[in-house]
Amino acid sequence: MYDIKALYEAESIEHAVQLLTEHPGAQIIAGGSDVLVQIREGRRAGAELVSIYGLDEMRGVSLDEEGAVRIGSLTSFSHITRDPIIQKYIRVLGEAVDMVGGPQIRNIGTIGGNTCNGVTSADSASTLFAWDAVIELTGPEGVRRLPIHEFYIKAGVVDLRPGELQTAVIIPRKSFAGYQGHYIKYAMREAMDIAAMGCSVNVKLTPDKSRVEEARIAYGVAGPVPMRAHSAEQAAKGRAVSEETCRIFAQAVLEDIRPRDSWRASRALREHIAVVLAERAFKEAVRRCGGETDEQTV
């Protein structure tokens, strides 16, 4: 049984903002893959819900006037994976969200729900961090945009103000033009499992493919929120594409990550996994960029 006090159906983004303002304790529901489970478990018993599922204006992937990739917050994971714009410019994001749950979850789960949960294990989050994504929020005071690292405040908490809803995830053109990336999810089993750690790397090489112009790396479950490993990024910048650079890059992540012990994995194991994943993801990102380390083992 679902203990729901009231369900309000938003007819537009403006109407959703109005409903959230009129019912300050209400919870947004879109796909419902998380919210309904929480209600059934009693964690949100007696909840008021504002459904935004019917707002098609918040679905789909497009290029805006500045060439940025705009992903409506109601876009499902399966749609993102198959979308030609994602396939052309940010294929790694489609690969990352294709690791969420099973087919049924990917058909109903949304990119907005995945990020608004604020959990560090979200498969989309580390890749969005690595691509310097921007979160678009719409509320009573209008539209505001903020970098994704500012959106995540602490474990399970994001910067959503009263009456606001997330309307889009935006990846600026400068963040993906000339880059290729790779995401690796480490879990206790291969299917239908939460990540014990996720690692996303993207790389931009010099025109002759001999040096790393820039590398970005982000993790899920390496801290209370998804996070970048800036020390590794600086360690690789400007270096020759080589096995040595790969090792230096991977070892440097230990300067930034803050994993914890849990029943899924110990801190020591997570630190070891972080280094291994960084090395493998870096090599594959370099390969996709047209470069080649001394030894290609992914």
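Each residue takes its place number in the sequence, starting with 1.
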Quiz item: Are side-chain heavy atoms of Arg161 and Pro140 found at a separation under 4.5 Å?
Solution: no
Quiz prompt | Interatomic spacing from CD1 in Ile257 to CD1 in Ile217 - rounded to 0.5 Å | solution = 8.5 Å
Quiz item: Can you tell me if Arg70 uses its side chain to pair, donor with acceptor, with the backbone of Ser62 under 3.5 Å?
Solution: no
Quiz item: Does the side chain of Val203 reach to within under 4.5 Å of the side chain of Gln180, using non-hydrogen atoms?
Solution: no
Quiz item: If you measure from the Lys or Arg side-chain nitrogens to the Asp or Glu carboxylate oxygens, is any gap between Glu271 and Arg267 under 4.0 Å?
Solution: yes
Quiz prompt | N/O donor-acceptor pair under 3.5 Å between Asp208 side chain and Ser210 backbone | solution = yes
Quiz item: Less than 4.5 Å apart, any side-chain heavy atom of Gln166 and any of Leu137?
Solution: yes
Practice problem: Answer with yes or no whether the hydrophobic clustering places Ile71 together with Phe151; edges join I, L, V, M, F, W, Y residues whose side-chain heavy atoms lie under 4.5 Å apart. | Solution: yes
Exercise. Could you tell me whether Arg287 and Glu284 make a salt bridge, using a distance below 4.0 angstrom between a side-chain N and a carboxylate O?
Key: yes
Quiz item: Can Lys283 and Glu279 be said to form a side chain to side chain contact (heavy atoms under 4.5 Å, CB included), step by step?
Solution: CA-CA 6 Å; Lys283 287 182 180 180; Glu279 186 170 344; 3.7 Å; yes
Quiz item: Heavy-atom count around Lys174 NZ within 6.0 Å, excluding the residue itself: above 12?
Solution: no
Quiz prompt | CA sep, side-chain torsions, deciding dist, call: Ile29, Tyr53, side chain to side chain contact (heavy atoms under 4.5 Å, CB included) | solution = CA-CA 7 Å; Ile29 183 170; Tyr53 186 76; over 6 Å; no
Self-check item: OH on Tyr219 to CG on Asp256, rounded to 0.5 Å
Solution: 9.5 Å
Quiz item: Do Thr245 and Arg211 get their side chains close enough for a donor-acceptor pair, meaning under 3.5 Å?
Solution: no
Quiz item: What heavy-atom pair brings Gly181 and Ala285 nearest, and what distance separates the two atoms?
Solution: CA-CB, 4.1 Å
Self-check item: Flag for Asp123-Tyr183: side-chain donor and acceptor within less than 3.5 Å
Solution: yes
Quiz item: Is there a donor-acceptor contact under 3.5 Å from the side chain of Lys185 to the main chain of Ala96?
Solution: no
Exercise. Share the residues that join Tyr8 in a hydrophobic cluster, the rule being Ile, Leu, Val, Met, Phe, Trp or Tyr side chains under 4.5 Å apart at the heavy-atom level.
Key: Ile13, Val17, Leu19, Leu20, Ile28, Val50, Ile52, Leu55, Met58, Leu74, Leu165
Practice problem: Please name the residue in the list Glu136, Glu150, Glu164 that meets the salt bridge (Lys or Arg N to Asp or Glu O under 4.0 Å) test with Arg144. | Solution: Glu164
Exercise. Take Glu214 and Tyr179, measure what side chain to side chain contact (heavy atoms under 4.5 Å, CB included) needs, and give me the verdict at the end.
Key: CA-CA 9 Å; Glu214 189 170 3; Tyr179 291 83; 2.5 Å; yes
Quiz item: Between the side chains of Ser126 and Ser200, does any donor sit under 3.5 Å from an acceptor?
Solution: no
Quiz item: Is Arg270 reaching over with its side chain to a backbone N or O of Ala222, donor-acceptor style, under 3.5 angstrom?
Solution: no
Exercise. Look up atom CG in Leu7 and atom CD in Glu48, then write down how far apart they are to the nearest 0.5 Å.
Key: 10.5 Å
Self-check item: Heavy-atom check, side chain of Leu63 versus side chain of Tyr89, under 4.5 Å
Solution: yes
Quiz item: Which pair of heavy atoms, one from Glu95 and one from Arg288, lies closest together, and at what distance?
Solution: OE1-NH1, 3.1 Å
Practice problem: Go through the steps for Tyr186 and Val276 under the test side chain to side chain contact (heavy atoms under 4.5 Å, CB included), then give the verdict. | Solution: CA-CA 11 Å; Tyr186 177 85; Val276 173; over 6 Å; no
Self-check item: Atom pair OG1/NE2 of Thr110 and His79 - distance to nearest 0.5 Å
Solution: 13.0 Å
Quiz prompt | Asn107 and Ser78: side chain donor to acceptor below 3.5 Å | solution = yes
Practice problem: Please tell me if the side chains of Arg59 and Ser76 come closer than 4.5 Å, counting only heavy atoms from C-beta onward. | Solution: no
Quiz item: Same cluster for Leu160 and Val225 if Ile/Leu/Val/Met/Phe/Trp/Tyr side chains link at under 4.5 Å?
Solution: yes
Quiz item: Hey, is the main chain of Ala130 close enough, under 3.5 Å, to the side chain of Arg216 for a donor-acceptor pair?
Solution: yes
Practice problem: For residues Val92 and Asn202, determine if any side-chain heavy atom of one lies less than 4.5 Å from a side-chain heavy atom of the other. | Solution: no
Quiz prompt | Heavy atoms from other residues, nucleotides or ligands near NE2 of His15 exceed 12 (cutoff 6.0 Å) | solution = yes
Self-check item: Closest approach of Phe282 to Ala215 (non-hydrogen atoms, all atoms of both residues)
Solution: CE1-CB, 4.3 Å
Quiz item: Can Ile170 be reached from Ile86 by stepping across I, L, V, M, F, W or Y side chains whose heavy atoms are under 4.5 Å apart?
Solution: no
Quiz prompt | Nearest non-hydrogen partners of Gly60 and Thr75, listed with the distance | solution = N-OG1, 2.8 Å
Practice problem: Among Val97, Asn114, Ile171, Ile135, find the residue that satisfies the side-chain contact (heavy atoms from CB on, under 4.5 Å) test when tested with Leu128. | Solution: Ile171
Quiz prompt | 4.5 Å side-chain heavy-atom contact, Val158 and Ile153 | solution = no
Quiz item: Listed by chain and number, what are the side-chain hydrogen bond (donor to acceptor under 3.5 Å, both in side chains) partners of Arg228, not counting sequence neighbours?
Solution: Asp132, Glu233
Quiz prompt | Distance (rounded to the nearest 0.5 Å) between Thr120 OG1 and Met227 CE | solution = 8.5 Å
Practice problem: Please examine the side chains of Ser124 and Val100, heavy atoms only from C-beta on, and report whether any two atoms are closer than 4.5 Å. | Solution: no
Quiz prompt | Ile248 side, atom CD1; Ser242 side, atom OG - distance, nearest 0.5 Å | solution = 7.0 Å
Practice problem: Verify the cluster assignment for Val275 and Ile273: are they in a single hydrophobic cluster under the rule of side-chain heavy atoms below 4.5 Å apart? | Solution: yes
Quiz item: Given the rule that I, L, V, M, F, W and Y join up when any side-chain heavy atoms are under 4.5 Å apart, are Val119 and Tyr152 in one cluster?
Solution: no
Exercise. Mind listing the closest non-hydrogen atom pair of Val61 and Ile85 along with its distance?
Key: O-CD1, 3.7 Å
Quiz item: Closest approach of Val212 and Ala236, non-hydrogen atoms and distance?
Solution: CB-O, 3.4 Å
